[in-house]
Chemist: 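Take a look at this one; I'll ask things after.
Sequence lines set the chain letters: A, B, ... in the order given, protein chains first and strands last, and positions in each chain run from 1.
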Amino acid sequence: MKSSLRTEVGGVSLETPVIVASGVWPMDPRLWPAGSIEGVGAVCSKGMTLEPREGNRGLRIVETYSGVLNSIGLQNPGVEHFIAEELPLLDNSGRPVIVNVAFETLEDLGKMLERLKSFRSMVVAVEMNVSCPNVSRGGMSWGVHLESLGSAVSMAREVWEGPLWVKLSPQAPSIGEFARASQEGGAQAVVVGNTWLGMAIDNDLERPFFENVFAGLSGPAILPLALRAVWEAAGAVDIPVIGCGGIARPGDALSMILAGASAVEVGTALFIDSGLPASICRELEANLTKKGLASVRELVGRARNYQGEIGERLR
Amino acid sequence: MKSSLRTEVGGVSLETPVIVASGVWPMDPRLWPAGSIEGVGAVCSKGMTLEPREGNRGLRIVETYSGVLNSIGLQNPGVEHFIAEELPLLDNSGRPVIVNVAFETLEDLGKMLERLKSFRSMVVAVEMNVSCPNVSRGGMSWGVHLESLGSAVSMAREVWEGPLWVKLSPQAPSIGEFARASQEGGAQAVVVGNTWLGMAIDNDLERPFFENVFAGLSGPAILPLALRAVWEAAGAVDIPVIGCGGIARPGDALSMILAGASAVEVGTALFIDSGLPASICRELEANLTKKGLASVRELVGRARNYQGEIGERLR
Amino acid sequence: MDRSGDPMKGPPADRRGSISFSRPLGDHCVHMGIELEGLSSKAIPGQFFLIRERGVLDPLLGRPLALVASEGNVLEFLFRVSGRGTARLATLPPGAALELRGPCGNGFPEPVRNELVLVAGTLGIAPFIGIPSFCSERVRITAVLGVPGKGWEPFVEWCSERFTGIRINSDDGSIGRHGDPVEDTLLIVGQRHEVWGCGPEAMLRGLGRVHEKGCDRLLVSLEKRMACGTGGCLGCSIRTGSGSKRVCVDGPVFEWRQVFGGSHEI
Amino acid sequence: MDRSGDPMKGPPADRRGSISFSRPLGDHCVHMGIELEGLSSKAIPGQFFLIRERGVLDPLLGRPLALVASEGNVLEFLFRVSGRGTARLATLPPGAALELRGPCGNGFPEPVRNELVLVAGTLGIAPFIGIPSFCSERVRITAVLGVPGKGWEPFVEWCSERFTGIRINSDDGSIGRHGDPVEDTLLIVGQRHEVWGCGPEAMLRGLGRVHEKGCDRLLVSLEKRMACGTGGCLGCSIRTGSGSKRVCVDGPVFEWRQVFGGSHEI
Ligand SMILES: Cc1cc2nc3c(=O)[nH]c(=O)nc-3n(C[C@H](O)[C@H](O)[C@H](O)COP(=O)(O)OP(=O)(O)OC[C@H]3O[C@@H](n4cnc5c(N)ncnc54)[C@H](O)[C@@H]3O)c2cc1C
Ligand SMILES: Cc1cc2nc3c(=O)[nH]c(=O)nc-3n(C[C@H](O)[C@H](O)[C@H](O)COP(=O)(O)OP(=O)(O)OC[C@H]3O[C@@H](n4cnc5c(N)ncnc54)[C@H](O)[C@@H]3O)c2cc1C
Ligand SMILES: Cc1cc2nc3c(=O)[nH]c(=O)nc-3n(C[C@H](O)[C@H](O)[C@H](O)COP(=O)(O)O)c2cc1C
Ligand SMILES: Cc1cc2nc3c(=O)[nH]c(=O)nc-3n(C[C@H](O)[C@H](O)[C@H](O)COP(=O)(O)O)c2cc1C
Ligand code: FES
Ligand code: FES
């Protein structure tokens with residue numbers, strides 16, 4: 001990648017501003033489709049909990065119009081197995097690893113972060129997942145109560161000395177306030193955001209598709225909503241915002257960046273296009289060249305400077 | 001339409017449970033594509049304000065992945081012109097007319113309802129639009145503050161003696177609470193809901209597409225979100241819930257009803273399929289026949305009764 | 001095309017169709033035939049259809065395209081590959097299933113003058129293609145076309161076959177006259193002419209600046225983003241001298257003066 | 001098909017392709033050829049591809065389909081029109097642009113026995129089509145197929161051309177034997193047989209109930225909804241006797257016992 005894409009976000013130095021979002025790509029890079037590593041600036045791990053979790057029963061994936069509902073339920077082997085088996089593999093991918101952590105109690109969170117400390121060299125950042133809609137206790141509730149969020153971030157800040165990111169919930173009553181609370185708690189970046197709470201009904205069986213009834217909506221369908229949330233967050237905090245939600249084509253990542261995101265995470269779109277990180281990078285490079293800019297950092301938030309006069313321009 | 005589709009929702013007797021949502025279809029039924037009236041149980045008027053409004057400048061419609069962002073800005077000729085010119089035309093369509101009213105102040109609301117009173121015979125219900133994201137003052141703010149909503153509904157209840165519906169904002173911090181506040185204020189039904197706050201960026205011009213920056217997202221993309229909101233609202237109130245958002249195919253309307261909606265409103269999908277109300281009716285009839293049920297009312301909320309055991313059923 | 005049955009009077013209908021042919025005209029344009037299921041659709045030049053792929057909800061909205069000709073059940077269109085929807089349309093093979101809403105809009109009226117000048121910026125020519133067979137024989141038609149230049153040869157050739165004596169202007173001077181079509185009209189338009197224009201807004205504004213007083217009637221066909229095509233969504237509203245108008249049902253053809261004549265912004 | 005190059009070892013790749021042929025087999029099924037751009041893709045029977053339409057984001061996800069054959073650059077599939085995605089696929093004309101991710105999954109191993117019985121519920125036959133040319137000649141193959149009955153004749157005929165002596169069972173008795181394929185296997189399977197099954201879960205369970213102890217090896221190919229096909233999303237996880245497994249990368253072919261053998265729910 002060209003050095004024009006190099007950037008630093010929330011304490012992490014990235015070769016490109018394109019991050020693989022949590023929970024969508026194998027933890028074993030040997031399973032990655034050929035070429036899919038290209039353009040990837042960092043990789044988020046699958047949401048990890050202190051103890052292993054089997055995840056949810058029943059259906060886990062339902063396609064919606066230009067979107068996907070998922071109810072994986074944070075299936076993961078727990079922190080010890082992660083450290084022993086998965087982290088070394090991810091580290092081997094040659095890409096910085098961001099560890100996504102989910103927790104029910106502050107105590108769990110503290111313990112996980114303590115364990116991760118000894119692997120500081122392999123973990124460029126911790127991404128606090130306060131937003132998973134698919135677990136009955138914990139998970140999202142941290143992300144929808146302002147005080148809980150503040151206390152969780154502050155405690156994580158005390159334990160974890162490396163870069164600390166918070167991945168916000170779109171279900172937060174106000175994205176701006178929750179981003180601010182994260183910043184005040186000591187987060188170095190906010191990821192905006194996780195999946196949007198949705199559901200689907202199996203008309204034949206006359207029941208919700210998912211055992212948990214609700215599930216998280218991701219994919220192209222949510223792009224306009226995520227973009228709005230990024231715009232709001234970027235207006236509310238000084239720390240970097242990382243845009244996540246619905247990016248499906250290279251121009252979508254550019255939109256996120258122009259709206260104020262310093263980097264982007266791509267998730268669902270990798271299900272259908274493993275080459276997306278590379279094409280986003282090409283798009284960004286071409287855009288910089290066209291504008292004679294030296295760094296992707298100069299693109300961040302440029303759409304926020306517009307002034308009046310619009311009118312539609314056709315043809 | 002078969003009588004099995006006849007229903008009564010929030011004080012209104014409907015031949016079918018399929019309502020044309022506000023703001024998408026011409027107020028002059030002579031402009032309706034052939035066949036599009038078939039299956040329509042009622043028609044909502046374009047959001048009306050006390051005084052005429054020119055609506056927003058600049059771009060008003062931007063397509064997104066399986067969705068549409070709109071920023072019309074409640075362009076409408078005001079209540080007097082509506083009563084003189086549009087209401088008689090709509091009345092002529094042979095379909096019950098629901099008048100969608102938007103307001104900045106309670107005073108405006110009161111005045112509009114006073115004016116409508118004399119036309120009670122042509123207005124089967126008033127739908128309070130507390131959720132339009134496209135006007136800078138008023139509009140949505142009623143829909144995101146619990147006390148404001150309560151007071152607006154109560155005051156409308158005092159003035160307007162006919163059926164009163166409230167169309168909720170998806171931006172409400174809690175759909176259930178806002179539905180309850182509407183019920184307590186005297187609403188006879190809640191419509192769940194309006195468009196979802198989103199935005200889009202014009203990458204070439206490096207600015208938001210819309211002059212108001214944010215716009216309302218509608219269309220298939222939002223179906224899973226709207227369905228979830230309907231599920232929540234139906235669990236929170238005793239008055240009927242009318243499902244609205246993203247219905248694009250007949251099965252989507254059935255999903256809404258199974259989730260707890262007593263009727264549905266269709267909007268964006270009419271842009272691409274004017275025959276949708278009729279096909280929804282056919283689907284519902286077929287479903288009733290298959291199950292040996294006599295009335296669409298028996299389908300309402302059936303997916304809420306499911307018990308445990310799931311497992312995936314493939315092939 | 002056919003004027004019988006007063007097609008302008010009725011609302012549009014939603015119809016199913018499939019691609020019967022699709023021919024690239026250079027890199028930028030496609031000439032496409034769409035076969036309708038069932039009866040043919042009557043329309044007059046200037047009317048348009050919203051066209052979309054059947055069975056997918058992304059891209060979602062129909063793309064407005066002017067009808068250029070119809071032959072039995074086959075409707076013909078001419079479009080520029082501009083964004084995502086038209087790019088997709090251009091890649092679809094014959095047989096692909098489409099949906100069409102139309103005919104929409106008012107279309108062009110019968111000319112009042114015997115000398116009609118049609119001024120088009122690139123694909124602005126589309127609604128004019130049917131004009132020669134639509135107007136009575138007394139009307140003498142001169143088409144004036146502007147294109148960027150290189151790469152547009154096949155398109156220009158296609159248009160030339162349809163308008164004898166068409167005047168070609170190109171920005172880069174590589175095809176026809178070097179310059180823009182509005183300047184070109186200065187050489188031919190007089191008081192006894194009627195002028196119709198379709199193309200970018202700047203071109204249409206310019207057309208009026210030079211001819212508003214110098215010709216007998218000046219009509220323009222406008223483009224705005226559309227969702228419903230039936231006058232319902234108010235997405236295509238413009239402000240005119242006589243209040244707010246919807247391009248899809250009140251237009252797309254307007255008197256130049258009504259749209260650009262006043263101090264109002266459109 | 002071709003075993004060279006150890007296709008099972010590498011991860012899948014995303015490839016572009018277009019429909020080269022599409023032939024209905026009765027009302028329910030389609031036999032489709034997809035021509036890949038660039039080099040061909042090596043795969044073994046039981047491996048599958050996620051197939052989607054290129055250029056649209058609705059339907060969004062690739063549909064998993066077993067590879068039935070490959071001939072040069074053309075991959076062949078056989079699918080049932082079941083829901084929205086396959087219905088759409090079935091209407092696409094030749095030339096339509098697709099995207100394929102694959103080959104995914106482990107595929108079938110070399111049989112350990114010389115007597116191989118393939119048991120399929122309708123489209124469960126798909127991953128078996130390539131088996132005859134894949135196995136060494138020493139292996140004697142018997143295919144046992146179950147179909148609903150009426151309307152499935154063209155499908156059955158197509159399958160019969162590919163498996164000599166195929167045993168047909170139909171629910172309504174209109175084609176072949178009246179009954180289900182699992183019962184039918186009771187007549188032929190013994191200790192020296194290896195049995196592979198693909199079809200509805202109930203059929204696969206039944207297969208094990210009758211043969212788990214009575215044959216030498218019992219393999220099943222499973223179906224689960226998939227998003228990534230690469231082992232990342234955990235959407236296709238099942239619980240097995242040896243912990244959680246992903247159908248897309250740890251399967252789709254499993255030992256029957258591993259999946260259905262224990263008291264765990266899958
Ligand atoms: C009445 C009318 C007739 C037209 N006739 C023709 C014709 O015959 N041939 C032709 O090549 N073009 C014609 N156009 C323009 C054509 O509609 C656009 O080029 C086309 O919609 C662009 O779609 P896209 O998917 O390529 O672009 P995208 O930018 O991907 O489209 C995004 C959205 O914006 C809309 N949009 C973008 N550009 C325009 C535009 N210029 N006008 C209206 N909507 C636009 C699209 O319809 C879509 O909803 C006409 C427009 C109108 C309003
Ligand atoms: C490894 C594997 C190989 C397969 N091979 C074949 C084959 O060769 N021929 C064939 O006809 N079918 C095969 N199937 C089943 C096939 O994938 C489904 O019939 C198809 O995905 C249904 O898609 P749809 O759009 O028609 O249904 P929809 O119900 O509209 O699909 C909605 C979603 O559910 C998924 N889904 C629905 N049914 C199934 C299913 N049975 N299995 C997996 N996902 C499903 C779809 O992929 C999609 O994501 C295979 C499945 C798997 C897992
Ligand atoms: C199958 C699946 C699993 C996910 N698992 C996690 C997870 O473990 N932790 C987390 O923070 N986000 C998880 N997410 C959310 C994604 O990381 C991402 O935030 C979200 O999908 C929105 O982005 P997208 O639209 O690009 O997919 C998951 C998403 C999907 C689709
Ligand atoms: C162009 C447009 C204009 C709208 N105008 C109004 C309006 O005036 N009043 C209102 O309550 N809702 C309005 N809506 C919202 C719709 O009535 C409906 O609630 C929303 O679009 C979600 O439903 P859908 O996904 O079926 O379109 C409008 C929607 C669109 C797309
Ligand atoms: S496109 Fe909807 S009013 Fe014109
Ligand atoms: S489909 Fe994603 S893990 Fe199997």
Chemist: For side-chain contact (heavy atoms from CB on, under 4.5 Å), just list the numbers for A/Asp273 and D/Arg52, CA-CA rounded to whole Å, side-chain angles, deciding distance to a tenth of an Å, and then say yes or no.
Modeler: CA-CA 11 Å; A/Asp273 178 9; D/Arg52 60 185 304 280; over 6 Å; no
Chemist: Would you say the side chains of A/Glu54 and D/Ser244 form a donor-acceptor pair under 3.5 Å?
Modeler: no
Chemist: For D/Ser237 versus A/Gln75, what's the shortest heavy-atom pair and its separation?
Modeler: OG-OE1, 3.0 Å
Chemist: Could you list the donor-acceptor pairs under 3.5 angstrom formed by side chains in residues 80-90 of chain A, with sequence neighbours left out?
Modeler:
from    : atom 1 : to       : atom 2 : distance (Å)
A/Glu80 : OE1    : A/Arg115 : NE     : 3.3
A/Glu80 : OE1    : A/Arg115 : NH2    : 2.7
A/Glu80 : OE2    : A/Arg115 : NE     : 2.5

Chemist: Which heavy atom in A/Ala34 sits nearest to a heavy atom in D/Pro11, and how many Å separate them?
Modeler: N-CG, 4.4 Å
Chemist: Write down the atom of D/Cys233, the atom of A/Ile61, and the distance for their closest heavy-atom approach.
Modeler: SG-CD1, 4.4 Å
Chemist: Please look at A/Leu270 and chain D and tell me whether the side chain, the backbone, both or neither of the residue comes under 4.5 angstrom of a heavy atom of that chain.
Modeler: backbone
Chemist: Under a 4.5 Å heavy-atom cutoff, which of D/Cys236, D/Gly85, D/Pro12, D/Ala13 has the most pairs with chain A?
Modeler: D/Pro12
Chemist: Quick one: closest heavy-atom pair of D/Leu61 and A/Ile272, and the distance?
Modeler: CA-CG2, 4.3 Å
Chemist: Could you note down all residue pairs passing salt bridge (charged side-chain N to carboxylate O under 4.0 Å, His left out) where residues 62-77 of chain D supplies at least one of them, sequence neighbours left out?
Modeler: A/Glu63-D/Arg63
Chemist: So, A/Ser66 versus D/Asp58: side-chain donor-acceptor pair below 3.5 Å or not?
Modeler: no
Chemist: Nearest 0.5 Å, please: how far is CZ in A/Phe271 from CZ in D/Arg101?
Modeler: 9.0 Å
Chemist: What part of A/Ser36 lies closer than 4.5 angstrom to a heavy atom of chain D: side chain, backbone, both or neither?
Modeler: neither
Chemist: Working to the nearest 0.5 Å, report the span between CG of D/Leu57 and OH of A/Tyr65.
Modeler: 15.5 Å
Chemist: Under 4.5 Å heavy-atom distance to chain D, tell me which part of A/Trp25 shows up: side chain, backbone, both or neither.
Modeler: both
Chemist: Would you name the heavy atoms of D/Arg225 and A/Phe209 that are closest together and state the gap between them?
Modeler: NH2-CE2, 4.0 Å
Chemist: Can you list the steps and then say if D/Leu60 with A/Thr64 is a side-chain contact (heavy atoms from CB on, under 4.5 Å)?
Modeler: CA-CA 8 Å; D/Leu60 184 69; A/Thr64 68; over 6 Å; no
Chemist: Taking the side chain from A/Arg60 and the backbone from D/Leu234, do they hold a donor-acceptor pair closer than 3.5 Å?
Modeler: yes
